[in-house]
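Throughout, numbering of the chain's residues begins at 1 and tracks the sequence. Being a predicted model, the structure only gives us computed values, none of them experimental.
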Amino acid sequence: YGNILKYFPYSVSHVVAVAELLVAQSARVGEEKGPLANVGIDLQRQANAQAKLEYLLQTYLGIEMDGSPTGKLGMATHSVDLWLIYVDVRSRQARREHFGEEALIRDWATKAYELALEYAGFGFQNHVLWKAYLQYVKMSTSGDPQHMVLLRGVYQRLVCHPMTGLDQLWQEYEMFERQQSEALAQALLGEFTPKYQHARTVYLERNRVFNVADLQMDRLATPPQEVAEEHSCLTLWKTRTAYERTNPERLSTADLAVRIRSCYKEMVCAWTQHPEAWHMWSMWEAESIKEMDRAHKVLELAQSHIPDCTLLAHAQAQLVELHDESDPSKCLQIMETFLERAPNTLGYALYQQMVRRYKGKEAARAIFSKARRVLSVETEKASEGGATTGTATKTEEGTAAAAEGEETVDVKKEDTTNGKRWMVTNRLDEKIGQSTTTTANATAEDAAKSGSTIRPGPITWHLYASHAMIEHRLNQAPSIAARIYELGLRKHGSFLTQPSYVLRYAHLLLELQDTV
């Protein structure tokens with residue numbers, strides 16, 4: 001189980017299995033699942049099991065043992081089985097600390113059930129939790145009118161929730177009320193019948209929108225794969241979240257937020273390695289209910305599981321940029337941290353755009369130079385005969401300087417009938433289109449300097465195209481943009497086979513009226 005949770009930390013079924021083992025290991029003599037005799041018992045082992053059990057419940061339920069929130073997200077708050085274990089642990093703890101004080105023990109258990117219902121009394125398998133609570137109240141109910149009021153309150157709350165077996169529970173409630181008072185029963189049943197009918201309608205409608213079995217809630221969160229079954233299942237999850245956001249149960253704003261958040265947690269547990277699941281959750285937190293702190297926590301947790309995902313890092317940077325009025329430039333720190341961890345072309349392109357907004361063109365040009373040093377260059381096949389060329393010509397040195405911001409241009413003297421004049425030319429060099437190579441030692445050295453924990457990604461044409469666009473549109477330097485495009489073709493022959501890159505370069509040349 002430890003190895004499974006290492007790679008699939010939100011596999012709730014395995015978390016429940018581990019919790020059940022720890023409950024048995026931490027039980028004392030005479031307690032449920034405990035040893036029958038006080039012989040050969042390792043007290044230290046019991047204490048360690050109890051500590052691990054409490055840590056597990058605090059981590060996955062997001063609460064302290066006394067019910068106060070820990071500040072963590074609590075990714076398994078929707079698990080009914082885990083909440084039932086929490087109730088058992090709290091009841092056992094109450095019996096240990098307050099042996100013989102039945103009123104106090106009941107109070108602890110009741111608070112544990114109420115807390116469980118607050119987090120999981122509305123999700124899948126909620127009927128299991130409600131029936132367990134109902135049975136507990138029945139067992140502790142005597143002829144005391146106060147206890148009968150408590151039992152009535154449980155009935156009246158549960159018949160308002162869509163759940164499996166709702167019709168049977170409604171019949172039990174009718175029988176309970178009629179046994180107490182026929183006149184009072186008519187009044188109360190008339191009040192709660194519309195609520196029961198609405199809950200029943202929502203339950204049937206929800207089953208028509210999606211089937212719980214098709215959601216594969218117990219699936220292991222494997223990395224994304226291009227298979228139709230996975231795509232259809234993920235689409236069904238999106239359909240479910242969209243349906244819950246329509247508020248079919250007519251909940252208050254606070255209750256609806258808890259309901260939708262629980263839905264996203266269930267989705268993330270099943271699709272931990274899919275960035276869109278985390279992104280949908282964080283955007284809902286930020287845009288729908290304006291919970292910026294929680295949105296940041298979601299994205300930070302997501303990046304701990306998918307450390308090389310540029311989408312998640314950029315989404316967090318955008319949240320800071322748009323909503324942190326005190327210092328929006330903090331978004332640069334987020335992207336810097338990400339690029340130190342997992343450098344790639346897209347990350348550097350997005351980071352360069354942010355740097356241009358907050359630090360100016362010279363800093364943006366420095367980012368382009370750094371990206372070319374850090375990112376790896378894959379060995380490319382030669383377009384003709386497999387020939388390779390070096391990279392130390394004077395022309396390329398001038399082009400590289402231009403790419404970094406120095407307005408040096410290649411010039412060509414042309415004879416005309418009116419004498420001699422100088423003109424800018426972007427004519428392709430004869431070496432463009434041939435293969436280029438880079439040494440593995442240089443790539444490894446630059447990666448070590450960058451401090452990255454993930455191997456740097458390859459340079460793609462997007463890095464050059466993005467920088468050229470910045471020079472062209474923002475810096476108003478189309479001649480430098482042309483040199484950048486040409487530098488890309490000289491350094492990377494494969495760019496010539498990329499229609500998008502070539503078309504961008506061609507459009508720029510037409511704008512410069514360089515049709516040679």
Side-chain angles (χ1 to χ4, degrees), residues 1-22 52 55-62 72-83 85 119-120 123-125 210-244 259-285 294-316 338 341-342 344 453-454:
Y1 284 121
N3 285 328
I4 291 176
L5 294 180
K6 177 182 178 181
Y7 296 102
F8 307 101
Y10 302 136
S11 178
V12 178
S13 59
H14 293 94
V15 173
V16 171
V18 172
E20 290 176 346
L21 291 175
L22 293 175
K52 292 179 181 179
Y55 174 77
L56 184 143
L57 293 175
Q58 292 170 359
T59 301
Y60 284 93
L61 297 181
K72 299 179 180 179
L73 292 176
M75 297 301 296
T77 54
H78 60 276
S79 174
V80 171
D81 294 332
L82 200 59
W83 278 110
I85 292 176
Y119 285 95
F124 299 123
Q125 303 295 320
F210 59 88
N211 189 349
V212 177
D214 294 338
L215 293 176
Q216 302 179 18
M217 299 185 65
D218 291 332
R219 73 182 296 273
L220 294 177
T222 55
Q225 298 178 355
E226 296 182 3
V227 293
E229 180 182 359
E230 182 176 287
H231 176 72
S232 61
C233 186
L234 186 57
T235 302
L236 187 61
W237 272 99
K238 295 178 182 179
T239 302
R240 184 215 169 184
T241 56
Y243 172 76
E244 295 296 342
R259 186 72 52 90
I260 297 175
R261 185 176 295 118
S262 178
C263 181
Y264 278 118
K265 287 181 181 180
E266 291 178 279
M267 182 179 180
V268 165
C269 288
W271 305 90
T272 308
Q273 297 297 324
H274 288 65
E276 57 265 46
W278 294 98
H279 187 262
M280 288 173 59
W281 182 12
S282 64
M283 291 301 101
W284 173 80
E285 294 280 3
R294 196 182 297 271
H296 282 292
K297 288 181 180 180
V298 170
L299 290 173
E300 289 173 358
L301 184 61
Q303 292 178 71
S304 68
H305 297 290
I306 318 176
D308 58 345
C309 182
T310 310
L311 169 67
L312 299 174
H314 187 244
Q316 186 179 9
F338 169 73
R341 180 177 70 243
N344 60 62
T453 58
I454 298 177

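Partners of Asn211 under the side-chain contact (heavy atoms from CB on, under 4.5 Å) rule, at least two apart in sequence or in another chain, are Ala213, Asp214.
Put simply, CH2 on Trp281 and OG1 on Thr241 are 13.0 Å apart, with the number rounded to the nearest 0.5 Å. Thr310 contributes atom OG1, which lies 9.5 Å from atom CD of Gln303 (distance to the nearest 0.5 angstrom). Residue Trp271 holds its CH2 atom at 7.5 Å from OG1 of Thr222, rounded to the nearest 0.5 Å. Note that CD of Glu276 and SG of Cys309 are 9.0 Å apart. Values are rounded to the nearest 0.5 Å. Remark: Cys269 SG to His78 NE2 distance equals 4.5 Å, nearest 0.5 Å. Taken to the nearest 0.5 Å, the CE atom of Met267 stands 5.0 Å off from the CG atom of Leu234.
In terms of heavy atoms, Cys263 sits closest to Trp237 at O-CZ3, 4.2 Å. When all heavy atoms are compared, the tightest approach of Thr272 to Trp278 is O-NE1, 2.8 Å. Contact detail for Leu73 and Arg294: the closest heavy-atom pair is CD2-CG, 3.9 Å. In terms of heavy-atom proximity, Phe124 sits nearest to Val212 at CE2-CG2, 3.3 Å. Of all heavy-atom pairs between Glu20 and Ile85, the closest is CG-CD1, 3.7 Å. Minimum interatomic distance between Pro275 and Leu311 (heavy atoms only, all atoms of both residues): CB-CD2, 4.2 Å.
Side-chain contact between Val298 and His279: absent, with no pair of heavy atoms (C-beta onward) separated by less than 4.5 Å. Between Leu61 and Leu82 the shortest side-chain heavy-atom distance falls below 4.5 Å. Side-chain atoms of Pro307 and Ile454, non-hydrogen and from C-beta on, do get closer than 4.5 Å to each other. Taking the side chain as every heavy atom from C-beta outward, Gln125 and Met217 never approach each other to under 4.5 Å. Leu56 is not listed as a side-chain neighbour of Lys52, based on a closest heavy-atom distance of 4.5 Å or more. Here the side chains of Leu220 and Phe8 are in contact, with some heavy-atom distance below 4.5 Å. Using a 4.5 Å cut-off on side-chain heavy atoms (C-beta onward), Arg261 and Thr77 make no contact. Residues Pro224 and Gln273 have side chains in contact (heavy-atom distance under 4.5 Å, counting atoms from C-beta outward).
Remark: Tyr55 OH is loosely packed, at most 12 non-hydrogen atoms of other residues, nucleotides or ligands lying under 6.0 Å away.
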Would Arg219 and Glu230 count as a side-chain contact (heavy atoms from CB on, under 4.5 Å) here? Give the steps. CA-CA 11 Å; Arg219 73 182 296 273; Glu230 182 176 287; 4.0 Å; yes
Go through it in stages, so that I can follow the logic: the residues are Ser79 and Val15, the test is side-chain contact (heavy atoms from CB on, under 4.5 Å), and I'd like the CA-CA distance, side-chain angles, deciding distance and then a yes or no. CA-CA 10 Å; Ser79 174; Val15 173; over 6 Å; no
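Aromatic ring orientation, Tyr264 versus Trp284: tilted (interplanar angle from 30° to 60°).
In this structure, Ser262 contributes its side chain and Arg259 its backbone to no donor-acceptor pair below 3.5 Å.
Just one of Glu266, His305, Lys265 meets the side chain to side chain contact (heavy atoms under 4.5 Å, CB included) condition when paired with Tyr10; it is His305.
The existence of a salt bridge linking Lys297 and Glu285 is excluded, since no basic side-chain nitrogen approaches an acidic carboxylate oxygen closer than 4.0 Å.
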